[in-house]
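Below is one structure, written out as structure tokens; comments come after it.
This structure is a prediction, so every number in the text was calculated from the model and none was measured.
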Amino acid sequence: MTESAKTHVILLSCGSFNPITKGHVHMFEKARESLHQSGRYIVIGGIISPVHDSYGKPGLVSSKHRLTMCQLAVQSSDWIRVDPWECYQDTWQTTCSVLEHHRDLMKRVTGCILSNINTPSSTPVINQLSQPQPQTQTTPMYQNHGNMNHKPTAIKLWGKISENLGKICCVRPHIDHFTFVDENANLGTALRYEEIELRILLLCGSDLLESFCIPGLWKDNDMEVIVGDFGIVVVPRDGADTERIMNHSAILRKYKDNIIVVKDAGTHPMSVVSSTKSRLALQHGDGHVVDYLYQPVIDYILQSQLYIKASG
């Protein structure tokens with residue numbers, strides 16, 4: 001399968017990240033490796049979206065600290081970034097709303113048709129980081145001005161996209177040597193466009209998958225959107241039986257083909273590291289905290305005096 005024929009994927013992980021651990025970043029790496037090995041997908045980017053302060057989880061430190069720790073954890077990554085949108089809202093957002101926001105944002109930034117979406121989202125794109133810029137370009141923005149055989153790498157494409165995500169404005173960036181189909185544009189008959197299939201997949205551990213089976217915890221409509229419209233990539237933790245978990249939920253069984261399980265993730269020790277274990281290690285002065293957290297994150301925690309007192 002050629003690169004352009006593969007499904008281009010952005011992995012989105014929601015959670016407290018209180019604090020972010022090596023295991024969280026490991027999930028991204030293992031998921032990308034697994035998707036690439038399947039031969040069907042190209043992962044062009046990863047997004048970490050920390051939860052809003054009003055989530056109400058005991059011991060949750062402020063989003064200011066959690067965003068900083070996440071940025072420190074992925075500062076050397078050329079494909080994973082931290083997105084503050086969820087933290088900047090007036091109140092807690094559902095996972096479904098976060099996925100819809102990023103879908104709509106990617107549409108606006110890239111002009112690309114995102115696949116597996118049946119109905120347009122009503123989730124507004126809220127300008128949090130900069131003011132809208134005026135539309136100055138009048139010529140067609142997505143014509144290919146270069147050699148069609150010159151394809152960008154996944155990382156270059158994500159770099160072009162991610163550097164504009166924070167601007168959230170009406171101007172779509174010009175992307176050299178790459179063409180998107182804009183569903184709102186009048187393409188006419190004279191222009192040729194290259195369509196790239198782009199999907200946002202929710203990246204999660206098997207503990208979140210198992211929570212889908214708890215009656216009343218998730219709204220059925222939200223689960224339908226998350227698993228049916230978007231799809232999820234599951235990294236098992238502690239040897240969890242994902243097949244058994246999926247069989248306990250009618251919605252998970254219905255959309256089983258939209259659930260991608262990373263088969264060999266459980267063999268890596270970082271896959272079982274949790275934020276709770278990291279907080280306990282910090283509270284007890286356990287030197288093994290270096291196995292759980294990146295050193296810049298540890299330094300920031302100590303400097304800011306986070307998690308030192310037992311809570312949550």
Side-chain angles (χ1 to χ4, degrees), residues 1-3 5-17 20-49 73-74 77-80 95 99 102 115-116 153-155 158 197-214 217-218 223-278 291-292 294:
M1 184 180 289
T2 64
E3 180 175 324
K6 295 178 182 179
T7 299
H8 290 59
V9 168
I10 294 171
L11 296 171
L12 171 66
S13 182
C14 299
S16 299
F17 301 104
I20 187 170
T21 69
K22 291 181 178 180
H24 289 127
V25 180
H26 167 75
M27 283 176 58
F28 277 92
E29 299 290 352
K30 291 302 294 184
R32 183 174 71 159
E33 178 184 336
S34 179
L35 290 173
H36 285 180
Q37 287 177 350
S38 74
R40 298 170 52 198
Y41 304 96
I42 297 176
V43 177
I44 66 170
I47 299 174
I48 294 173
S49 181
V74 299
S77 176
D78 58 1
W79 69 281
I80 306 172
T95 301
L99 283 164
H102 284 284
S115 67
N116 204 28
T153 64
I155 296 302
W158 177 238
E197 186 179 7
L198 174 62
R199 290 181 63 183
I200 297 177
L201 298 178
L202 179 66
L203 174 64
C204 67
S206 50
D207 51 341
L208 187 143
L209 186 71
E210 196 161 16
S211 73
F212 285 168
C213 304
I214 301 175
L217 185 61
W218 293 81
M223 289 178 61
E224 288 271 355
V225 171
I226 293 170
V227 189
D229 287 355
F230 287 92
I232 58 179
V233 179
V234 182
V235 181
R237 304 176 90 182
D238 300 318
D241 186 346
T242 54
E243 190 74 21
R244 178 191 61 80
I245 294 172
M246 287 187 282
N247 286 333
H248 273 74
S249 165
I251 293 178
L252 294 181
R253 289 197 303 270
K254 178 180 178 182
Y255 297 109
K256 194 171 183 179
D257 290 343
N258 283 357
I259 301 173
I260 303 170
V261 179
V262 179
K263 297 295 184 182
D264 62 340
T267 60
H268 195 289
M270 288 301 102
S271 65
V272 298
V273 172
S274 70
S275 295
T276 301
K277 290 180 181 179
S278 301
D291 297 328
Y292 309 151
Y294 294 101

Original post:
After noting the C-alpha distance and the side-chain angles of I10 and H102, does the key distance pass the side chain to side chain contact (heavy atoms under 4.5 Å, CB included) rule?
Top reply: CA-CA 10 Å; I10 294 171; H102 284 284; over 6 Å; no

Subject >> Side-chain touch V43/F28, heavy atoms, less than 4.5 angstrom >> reply: no

Subject >> Check against side chain to side chain contact (heavy atoms under 4.5 Å, CB included), R199 and F230 >> reply: CA-CA 7 Å; R199 290 181 63 183; F230 287 92; 5.9 Å; no

**OP:** State, to 0.1 Å, how close Y41 and H36 come at their nearest heavy-atom pair, and which atoms those are.
**Re:** O-CD2, 3.6 Å

**OP:** Identify which one of L99, I232, V233 satisfies the side-chain contact (heavy atoms from CB on, under 4.5 Å) criterion when paired with L12.
**Re:** L99

Original post:
Under 4.5 Å between any side-chain heavy atoms of Y294 and V25, yes or no?
Top reply: yes

Subject >> CE-OG1 distance between M27 and T21, expressed to the nearest 0.5 angstrom >> reply: 9.0 Å

**OP:** Report, as yes or no, whether the 6.0 Å neighbourhood of atom CZ on R253 holds more than 12 heavy atoms from other residues, nucleotides or ligands.
**Re:** yes

Original post:
Which is it for V227 and F212 under the side chain to side chain contact (heavy atoms under 4.5 Å, CB included) test, yes or no, and what are the steps along the way?
Top reply: CA-CA 10 Å; V227 189; F212 285 168; 4.0 Å; yes

**OP:** Could you walk me through whether T7 and R40 pass side chain to side chain contact (heavy atoms under 4.5 Å, CB included), step by step?
**Re:** CA-CA 6 Å; T7 299; R40 298 170 52 198; over 6 Å; no

**OP:** Measure the spacing between CG of L203 and CD1 of I47 and express it to the nearest 0.5 Å.
**Re:** 11.5 Å

Subject >> S38 side-chain N/O to L35 backbone N/O, donor-acceptor pair under 3.5 Å >> reply: yes

Subject >> Rounded distance [0.5 Å steps], CD1 in I259 versus OG1 in T242 >> reply: 9.0 Å

Subject >> Distance, nearest 0.5 Å, that separates CD1 of I48 from CD1 of I20 >> reply: 3.5 Å

Original post:
Taking side chain as C-beta onward, heavy atoms only, is Y255 less than 4.5 Å from I226?
Top reply: no

**OP:** Please step through salt bridge (Lys or Arg N to Asp or Glu O under 4.0 Å) for the pair K256 and E243, ending with a clear verdict.
**Re:** CA-CA 10 Å; K256 194 171 183 179; E243 190 74 21; 2.3 Å; yes

**OP:** To the nearest 0.5 Å, tell me how far I245 CD1 sits from L208 CG.
**Re:** 10.5 Å

Subject >> For S34 against V262, the heavy-atom pair lying closest together >> reply: CB-CG1, 3.9 Å

Original post:
Can you tell me how far CZ of R244 sits from SG of C213, rounded to the nearest 0.5 angstrom?
Top reply: 8.0 Å

**OP:** Indicate the atoms forming the closest heavy-atom contact of R237 with S206, along with that distance.
**Re:** N-OG, 2.9 Å

Subject >> S275 versus H24, closest heavy-atom pair with distance >> reply: OG-CE1, 3.3 Å

